[in-house]
Amino acid sequence: MSATVDRPRQRPLHPVNAFFVSATVTLFLGALLSDLAYAVSYQVQWTNFASWLIAAGLLFGGVVLLFALVGLRHADRRGGRYLLYGLVLLATWALGFINSLIHAKDAWAVMPEGLILSAIVLLLACVAAWMGLSTLRMGELP
Amino acid sequence: MKRPALWAVAGFSVLLAACGNDANLSQPGPANVGPEPVLPEQQRGLLPSMTIASPAQWGDQRPTVPRGYAITAIATDLLIPRQSLVLPNGDILVAEGKGGGAPKLTPKDVIAGYIKAKGNSSVKGGDRLTLLRDGNSDGIYENRSVFAENLNAPYGLALIGNQLYVANQDALVRFDYIEGQTRAIGPPVKVTDLPSQINHHWTKSLTASADGRFLYVGIGSNSNITERGMIAEVDRAMVWQVDAQTGAHKPYATGLRNPTALAIQPGTDQLWVVVNERDELGPDVPPDYLTSVREGGFYGWPYSYWGQNVDPRVRPQDPQKVAAAIAPDYALGSHVAALGVAFSTSAMGGEFADGVFVGEHGSWNREKPAGYRVVFVPFRDGRPSGAPIDFVSGFRGTDGKTRGRPVGVSVDPRGALIVADDLSNTLWRVTPAR
């Protein structure tokens with residue numbers, strides 16, 4: 001008994017949590033694609049789409065962040081990797097929020113900062129999702 | 001975990017706090033008004049600078065007027081009074097209404113709409129014209145009647161002979177009018193439709209040419225700065241010239257972002273306009289302005305402001321249009337939100353006899369609010385000359401509360417300034433004390 005308790009365990013994400021993690025990636029990807037479409041077409045509807053996709057990404061990402069905070073209660077059992085996962089989630093959300101404020105500027109005032117941030121936020125969301133979802137593959141029981 | 005999170009929050013707070021960096025002026029300084037204003041660098045933080053009016057009742061207080069003048073409320077409990085018209089027999093018509101309702105396209109539209117609404121009256125617009133009469137010339141308008149109702153956000157008013165023209169938010173209409181009439185006989189006749197899709201800026205300002213052949217209609221842009229798309233700006237941000245008889249119309253001047261009030265200079269055919277300029281470029285840039293209107297002139301919106309100052313938010317850009325842009329005559333200061341203009345008359349007396357009165361509804365996009373007053377811009381030899389003078393002020397109290405917001409102004413040739421106040425729903429009358 002004592003031999004197994006001390007080993008940190010990778011606990012797989014709850015399927016609901018996993019759904020929100022995946023959705024966040026999709027939403028921020030949509031935002032980046034919309035920004036790119038605006039950048040090449042000057043059609044403002046694309047930047048409107050980006051604004052809503054970022055808002056939805058923040059909403060879903062906020063849920064993921066809440067799950068992570070709750071999970072932190074058992075951080076000592078989960079190890080440093082879980083802490084890193086939480087930090088990446090927080091960075092994703094914080095930069096996503098700043099990105100939403102930049103997207104609240106009118107017309108081309110969003111560019112280029114909005115496009116650059118959208119790319120960074122998507123990258124961070126991908127890293128967070130990788131870290132979160134990779135636990136599923138480990139096949140370990142909670 | 002706790003410590004990094006704290007740092008993130010702290011860093012974020014500093015970031016937000018750094019956003020408001022306005023000048024410490026409550027009104028535009030001398031450098032920001034007049035024929036050649038200083039235009040500071042464009043700046044915009046992560047959040048736009050905002051100070052929304054916090055409404056309060058007038059109670060026993062009154063707006064402040066210069067020594068030797070008196071102010072009275074001649075009508076209260078109106079339903080969002082915007083513009084007024086003094087009729088030949090001294091009766092006063094008031095247009096009451098609230099238009100707009102442009103769809104909210106972004107999260108920003110939803111949030112900003114909610115915040116800005118707090119600074120306005122919550123009363124429902126009347127969609128009507130109210131007529132006020134002072135039967136015995138004692139300065140008390142004891143008779144009040146609804147001249148016409150079921151209009152669609154009426155704003156601009158003009159009288160040509162026995163035809164009363166009203167600019168609704170979607171059409172220019174006409175009533176028959178006989179002097180002394182207190183109620184319209186029958187519904188109005190449509191002169192012409194006006195551009196009304198989206199109607200981001202819904203007010204349609206109106207005045208008549210000196211000879212009565214033409215009407216001029218001011219049509220605001222459909223966005224702050226093209227964020228609803230270029231296609232939405234067809235037939236927007238311009239002044240139309242409309243044939244009073246046939247309704248035939250053409251653009252008279254363009255590139256005027258939101259031409260909220262029009263007036264013909266007495267003794268001439270010269271059209272003047274006050275225009276509200278774009279937001280979110282900084283507390284002192286670009287200035288709202290008063291200008292004479294050149295037929296066929298282009299005044300910059302959306303590509304540039306005050307002549308050739310390019311607005312980088314517009315794509316695609318148009319260097320040819322920028323090069324063609326006319327700089328206006330007279331800066332009123334940024335974000336003052338001029339919504340009324342009227343030429344004075346000798347009966348107003350003294351230093352206020354030659355010039356224009358301008359109603360300034362007041363800013364939202366400025367940390368230190370500007371406007372919230374009626375100013376007098378003195379004229380000499382038919383041109384603006386000298387700094388604007390406060391004529392009616394005190395709408396924003398020293399306690400930070402806002403008790404009124406001036407909109408339209410009109411001058412009674414017998415010597416009175418009429419000011420519509422769409423926050424306290426009052427019509428004010430300022431007269432030289434006898």
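Note on naming: letters A, B, ... go to the chains in the order of the sequence lines (proteins, then strands), and numbering restarts at 1 for each one. What you see is a predicted model; the values in this text were computed from it and never measured.
Using a 30° and 60° split on the angle between ring planes, A/H14 and A/F67 fall in the parallel class, below 30°.
Just one residue in the list B/T106, B/T226, B/N224 forms a side chain to side chain donor-acceptor pair (under 3.5 Å) with A/D106, and that residue is B/N224.
Proximity to chain A involves both the backbone and the side chain of B/P316, based on heavy atoms less than 4.5 angstrom apart. For chain B, the nearby part of A/A55 is the side chain; its heavy atoms alone come within less than 4.5 Å. Proximity to chain A (any heavy atom under 4.5 Å) is shown, for B/R278, by neither the backbone nor the side chain.
For B/K204 and B/N199, the side-chain atoms include at least one donor-acceptor pair closer than 3.5 Å.
If you look at B/W301 and B/Y305, their ring centroids are not closer than 6.0 Å.
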